[in-house]
Protein chains: 2
Amino acid sequence: MTSRAGARKRDTYRHGDLRNALIQAGLELVRDGGPNAVVLREVTRRVGVVPNAAYRHFADRNALLRAIRQAALAQLAAAMETELAALPPADDPVESARDRIRALAAGYLRFAQAEPGLFRAAFSTSDMTDTATGTTTAENESAYGPGGLSAFQLLGAALDDLVESGALPAERRPGAEYFVWSAVHGLAVLLIDGPLRGLLPVQVDEAGQRLMDSIERGI
Amino acid sequence: MTSRAGARKRDTYRHGDLRNALIQAGLELVRDGGPNAVVLREVTRRVGVVPNAAYRHFADRNALLRAIRQAALAQLAAAMETELAALPPADDPVESARDRIRALAAGYLRFAQAEPGLFRAAFSTSDMTDTATGTTTAENESAYGPGGLSAFQLLGAALDDLVESGALPAERRPGAEYFVWSAVHGLAVLLIDGPLRGLLPVQVDEAGQRLMDSIERGI
DNA sequence: CGTCAATGTGGACATCGTACACAAGGTGTT
DNA sequence: AACACCTTGTGTACGATGTCCACATTGACG
């Protein structure tokens with residue numbers, strides 16, 4: 001009654017799974033509203049718990065945000081894996097490796113556009129490195145998808161296959177993921193935040209194709 | 001006395017240039033602390049004015065932030081122009097055009113690393129598009145450097161020269177800036193925010209070189 | 001010199017993150 | 001079964017923030 005949205009009154013004094021519930025509610029907030037829509041009081045409100053309860057599971061709002069970011073990264077990786085899985089089997093190993101890279105890139109871009117809030121959250125740091133503390137929160141930076149690989153690792157594996165199939169000279173392999181990831185990530189960011197925001201879906205597709213062609217040439 | 005940092009007590013009742021002063025103070029805050037270090041009250045404090053005074057020049061905190069972002073974008077463009085100007089004159093027009101693109105990219109990356117706060121602010125939107133209002137603040141998205149060109153336009157011009165010099169087939173020109181910008185922007189973001197943060201300066205240079213090589217191949 | 005629009009001030013309010021002390025409820029020992 | 005203890009949630013409180021409203025000060029223009 002008193003609570004606004006889906007905040008059922010719990011009958012037990014203990015919640016049982018508060019930590020996860022908070023992350024889940026946070027993800028909902030982040031989904032439409034980006035990282036700084038995660039306001040601690042609102043998160044706890046949704047779970048039906050008093051604000052301070054969150055402090056039993058997270059040091060502060062930033063810690064909660066980090067956990068949410070981790071979850072968002074995992075969803076990214078999952079989306080990319082899904083795209084991989086949907087790929088029809090190809091006989092030519094070279095073709096196959098190329099297709100996988102394109103699929104990963106497409107999954108990345110699609111996720112960014114389908115879930116800009118999650119995507120922004122996944123790569124937001126504005127709050128974690130607090131101004132020259134230098135700590136940079138060097139924790140495990142990557143969150144893994146169902147397959148156990150992070151987005152970055154997925155890309156790395158695909159590039160390895162590209163080398164193995166003979167399509168990419170081994171001496172070009174080192175650092176290749178930096179280039180590919182940079183290009184894809186850059187387009188994603190420019191599309192949802194930057195000056196390319198507001199492009200028509202057709203143009204977005206064109207830009208995506210153009211980008212992937214250039215990536216293939218440039219690797 | 002009462003004010004903490006550099007907040008001189010003004011003798012005139014009117015400030016005379018409050019709007020600019022606020023933007024300037026905001027830039028200082030953004031410089032170490034990123035976009036959400038721009039706290040309206042702190043900004044006005046630094047200028048030596050009461051918080052509400054800002055509302056005579058900006059509709060709200062977001063409007064101030066937009067102005068600051070514009071200024072940061074201008075500084076980015078300026079940094080790129082500087083890099084261009086420092087380029088030794090080349091006789092071969094093809095070489096020259098390539099050098100200019102590399103210089104622009106280098107300027108972009110250098111600026112991002114030298115002024116991560118400004119850079120983040122320049123491309124932050126988390127607050128301007130308020131959740132499905134759809135307005136996306138379609139104002140003049142670009143801020144111009146001393147030369148009167150935005151970062152994007154600088155790149156476009158360099159690419160035009162590349163075509164004119166014959167190094168780039170005209171049919172590859174359309175959309176080329178999307179690719180180049182994406183790659184450079186992506187690396188910049190990954191370097192200062194993303195998982196590539198914390199790379200050693202040497203590695204950063206390597207990644208930068210690698211990226212620019214790939215870009216040249218891929219354009 | 002008087003009026004008026006522009007600009008800055010003062011005070012108030014709701015909301016936020018978070019600290020501190022306390023309550024409720026499991027868990028393990030005896 | 002009784003008890004102490006540790007974990008987890010509650011209540012209250014404080015300082016800070018963005019923004020609203022009414023008022024004060026000022027320069028420009030008649």
Separation of D:dT8 atom P from A:Phe58 atom CZ, nearest Å, is 12 Å

Are there over 12 heavy-atom neighbours, none belonging to B:Tyr178, within less than 6.0 Å of that residue's OH? no

*With a non-hydrogen cut-off below 4.0 angstrom, is B:Val50 in contact with a base, only sugar-phosphate, or nothing?*
base

When rounded to whole Å, the CG to C1' distance for the pair B:Leu18 and D:dG27 reads 16 Å

| task | Check whether any side-chain N or O of B:His57 sits under 4.0 Å from OP1 or OP2 of C:dA6, and answer yes or no. | result | no

Problem set entry | A:Arg31 atom CZ, neighbour heavy-atom count above 12 within 6.0 Å | no

A:Arg14 CZ to D:dG9 P, in whole Å, measures 7 Å

Are B:Phe119 and B:Tyr108 an aromatic pair by the rule of ring centers under 6.0 Å? yes

Next on the checklist: Using a distance-only criterion (donor-acceptor N/O pair, under 3.5 Å, no hydrogens), is the base of D:dG9 paired with the side chain of A:Tyr13?
Outcome noted: yes

In whole angstroms, the gap separating C1' of C:dT7 from CG of B:Asp17 amounts to 13 Å

Separation of D:dT10 atom C1' from A:Arg10 atom CZ, nearest Å, is 10 Å

For nucleotides 16-23 of chain D, 5' to 3', base contacts (B), sugar-phosphate-only contacts (S) and non-contacts (-) with protein non-hydrogen atoms under 4.0 Å give -BBBBBB-

query = Do B:Arg46 and B:Glu42 sit within salt-bridge range, that is, some charged N less than 4.0 Å from a carboxylate O?
reply = yes

**Message:** Can you confirm whether A:Thr125 sits close enough to B:Arg197 that some side-chain heavy atom of one is under 4.5 Å from a side-chain heavy atom of the other?
**Reply:** yes

Lys/Arg N to Asp/Glu carboxylate O, B:Asp213 vs B:Arg102, below 4.0 Å: yes

